[in-house]
A.B. asks: 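After the structure tokens below, expect a handful of questions from me.
Note on naming: letters A, B, ... go to the chains in the order of the sequence lines (proteins, then strands), and numbering restarts at 1 for each one. Quick note: numbers below take in every heavy atom, side chains included, and nothing from hydrogens, waters or symmetry partners.
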Amino acid sequence: MMRPDEERLLTVFLRDAAPLAPADLRKGIRDAVRDTGQRPRWSARLHVDAEMTASSLRWPTAAPLVAVLATLLIALLGAALVGALLRTGPVPNGRLVHTLVQPNMFAIYVRDPDASNPRVTGHGDCPTFVADGRLVWTGDSSATSTTLYLAEANGSGVRELPHVAAAAAFAVSPDGRRVAWLRRVDEYLDESEGRSVPVVELWVSGLEAGPGRRLSTGAPDTISPYVMPAWSPDGRTIAFGTSDDPRKIESALPPRTAVRVIDADGDNERTISERRGPVGGSIAWSPDGRYLAYGGELDDSRPYPDGADAADLFVVDVRSGVETNVTDQGAVVDRAAWSPDGRSLAYVSLTERRLHVLPMDDGRPTGPSRVHEGLTPVHVVGWSPDGQSILAVLGGPPWEEGALALVEPTLQGPDRTIADGVVSCLPSWEGSLDE
Amino acid sequence: VSRALVLRAQAGDADAFSALVEPRLDRLYGAAALIVRRADLAQDVVQEALVSAWRDLRALRDPDRFDAWVHRLLVRACYRMLRKQRTRDVRELTLTGIDAPGVSDIARAVADSDVLERAMRRLSADQRAVIVARYYLGLELAECAAVLDLPLGTVQSRLSRATSVMRAAVDADDRAGSAPAEVPA
């Protein structure tokens, strides 16, 4: 940081360098204000507040007591409902759904809770269990945007969800009633990467009926939100990632990326963290909804070994904004996953593509990570709802082979390979937070 | 902030709004000029920000936050203007590739404000905005964070980064024998 004498010098310099407002600007502003020909606008929120205040003034004298009691009752019922929805610990495993890439399609397999008895129920990509036991998946024909489908877990009753069109990514709310999705509105050619990059908006719609509403286009001058949206466990908040729009902000440095959150009703959008370099492929809420875990570059002044372009694992306290780097230039790829009890984070190292399990307490690591030395290359990982297994998707470019394995969280037990072949997406376990 | 003036302006009193803005105009214009670095653009920026302020004034819940709110509108208007002018800005930003932390003393530039001017030109728009918010508008770090819509830690790191760039620029200037750098005007 700047020394006090430098600060003083810069302050004096800026004061001297800043020009005074020209006279025509003063006149121009007066004219512009008058030319608007309107009184200042009420914001929608203030308008509601004003109506509430007015109605409260009309209440009979005894009404406030009734209102207080009613409010307490509603609050108690609400807390009970939220408590029921908010799963803060392990729950029994439900069924498991995953894909296997086949020559002409991505086949969808559903398995019993012990991962046995696989049966094909359809074809598509990224199948996900929703709270009522049905499945949502996307078509497998496009890598950048596609349509969503809803079906029973046995594959019957498939129907398209046309109100979720051109979705670049989606996430179903914990109660299964809403879907947050990235609506593709444009694309541009990233010349440095030689590929098309979609420009998307964050939308929330009813799962079965639309049209829903646009929640965010992200911060100004950003391509946003480009990371799969993530619902908080209570379904009230959505986290997403944004990145500087290289068409608008030129820089020799890696683009700035930000983790932002927004209430599911569209209010209270804010930046939780911002740094250079990519945010990992997803953002993970801790089971208690207090922390977010994601990959990001440590500091643009500190080079990474071997020219790696990403990234350490960070955990940020959503309420306080206090951010902790929980890895030591370990380099994360794609995704971190919280254990159902919130006491471990599983992630994959970029350089070695190995599974790490980091013990956590209160948002901070309590010791070094355990590393699975025998399993590589690991692509992405997730936990079983009962917390007794870590699901590891194995494989990597050029994606000619892969596998799906169950690993004990201690990394000491024998691994269990449950499928051979390329798996296109992180599988979904019924009852899991990783939806 | 005069709460009474803000409340009157919120009620639609254009004269109250003018009275509110008048004593702030030089600072707002100065800040805009330092960020966008062109007098004509700064005029447009200030006008856009203040017309927005007038139009949306009733969205301001706390009259005491008027200054912070207007500063935020101003910074956003600066960014919008720079976006429109990005071709020009790209030429400037290509000169900012100074990555090594500088070890020189900005105070050495005291005899020549041109050196600091050239150092300022090497900052990105984001870095200029945070420098202007902190050292021209005199905002505390938390206020900078609110005005720039950034986390506090990002404001700190961006300030640190801007300082490094300026120190390195002063160093480079020294090495060049104080010859003016070829920077677009």
Side-chain angles (χ1 to χ4, degrees), chain A residues 1-3 5-22 24-26 28-30 32-36 38-47 49 219-221 245 247-253 256 258 270-276 299-301 316 321-323, chain B residues 9-10 12 14 17-18 21-22 25-26 28-31 33-34 39 43 46-47 50-51 54-59 61 76 79-80 83 86 89-90 93-94 96-97 99 101 105-107 109-110 113 116-117 124-125 131-132 135-136 138 149-154 156-157 159-161 163-164:
Chain A
M1 294 297 285
M2 235 174 250
R3 299 194 314 263
D5 60 322
E6 291 179 330
E7 291 184 341
R8 279 194 300 275
L9 175 68
L10 192 55
T11 300
V12 170
F13 163 74
L14 292 172
R15 191 188 62 206
D16 292 344
L20 298 177
D24 58 340
L25 175 62
R26 296 170 195 276
I29 288 169
R30 276 198 299 271
V33 165
R34 293 188 191 284
D35 288 349
T36 56
Q38 64 185 54
R39 293 159 59 89
R41 292 191 301 215
W42 286 109
S43 74
R45 179 187 296 278
L46 283 176
H47 190 62
D49 287 350
D221 295 340
D245 186 339
R247 299 168 302 172
K248 299 173 182 173
I249 297 179
E250 295 283 341
S251 174
L253 299 172
R256 286 177 313 158
R270 59 201 186 275
T271 298
I272 296 295
S273 171
E274 186 183 69
R275 59 183 59 256
R276 294 275 174 190
D299 187 315
D300 51 297
S301 66
V316 64
V322 174
E323 187 181 57
Chain B
Q10 284 185 319
F17 184 74
S18 293
V21 162
E22 177 67 26
L25 202 54
D26 284 335
L28 294 172
Y29 179 74
L34 289 168
Q43 282 207 43
V46 173
Q47 185 155 325
L50 290 179
V51 169
W54 164 248
R55 199 182 57 227
D56 297 330
L57 191 56
R58 287 195 175 178
R61 291 185 164 214
R76 289 180 178 175
Y79 284 152
R80 277 195 295 275
R83 192 161 65 233
R86 63 181 181 274
D89 213 53
V90 166
L93 293 176
T94 55
T96 65
D99 291 321
D105 185 345
I106 288 178
V110 69
S113 61
L116 274 178
E117 165 61 18
S124 68
I131 287 282
V132 168
Y135 297 114
Y136 177 70
D149 191 22
L150 293 172
L152 183 58
T154 304
Q156 291 171 316
S157 63
L159 268 176
S160 173
R161 175 74 184 163
T163 304
S164 297

A.B. asks: Any non-hydrogen side-chain atom of Ile131(B) less than 4.5 Å from a side-chain atom of Leu14(A)?
C.D. replies: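 Yes, close enough: below the 4.5 Å cut-off.
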A.B. asks: Let me see the working for Tyr136(B) and Thr11(A) under side-chain contact (heavy atoms from CB on, under 4.5 Å), right down to the final yes or no.
C.D. replies: CA-CA 6 Å; Tyr136(B) 177 70; Thr11(A) 300; over 6 Å; no
A.B. asks: Looking only at non-hydrogen atoms, find the nearest pair between Leu25(A) and Gln43(B) and report the distance.
C.D. replies: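 Leu25(A) and Gln43(B) have their closest heavy atoms at CD1-O, 3.7 Å.
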A.B. asks: Are the side chains of Phe13(A) and Glu117(B) in contact, using a 4.5 Å heavy-atom criterion?
C.D. replies: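 When only atoms from C-beta onward are counted, Phe13(A) and Glu117(B) do touch, with a gap below 4.5 Å.
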A.B. asks: Go through Gly28(A), Pro19(A), Ser273(A) and name the one with the most non-hydrogen pairs under 4.5 angstrom from chain B.
C.D. replies: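 It is Pro19(A).
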A.B. asks: Nearest 0.5 Å, please: how far is CG in Asp26(B) from CZ in Arg26(A)?
C.D. replies: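 Here the rounded value is 4.5 Å.
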A.B. asks: Below 4.5 Å, heavy atoms only, C-beta onward: do Tyr29(B) and Leu20(A) meet side chain to side chain?
C.D. replies: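 The answer is no, as the side chains (C-beta and beyond) never meet within the 4.5 Å cut-off.
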A.B. asks: State the CZ-CG distance between Arg15(A) and Leu34(B), to the nearest 0.5 angstrom.
C.D. replies: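 Result: 12.5 Å between the selected atoms.
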A.B. asks: Give, as side chain, backbone, both or neither, the part of Phe17(B) having an atom under 4.5 angstrom from any heavy atom of chain A.
C.D. replies: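 For Phe17(B), the contact with chain A is made by the side chain alone.
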A.B. asks: When you look at Val46(B) and Ile29(A), which way does the side-chain contact (heavy atoms from CB on, under 4.5 Å) test go after all the steps?
C.D. replies: CA-CA 9 Å; Val46(B) 173; Ile29(A) 288 169; 3.9 Å; yes
A.B. asks: Please state whether the side chain, the backbone, both or neither of Leu25(B) comes within less than 4.5 Å of a heavy atom of chain A.
C.D. replies: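 For Leu25(B), backbone and side chain are both near chain A.
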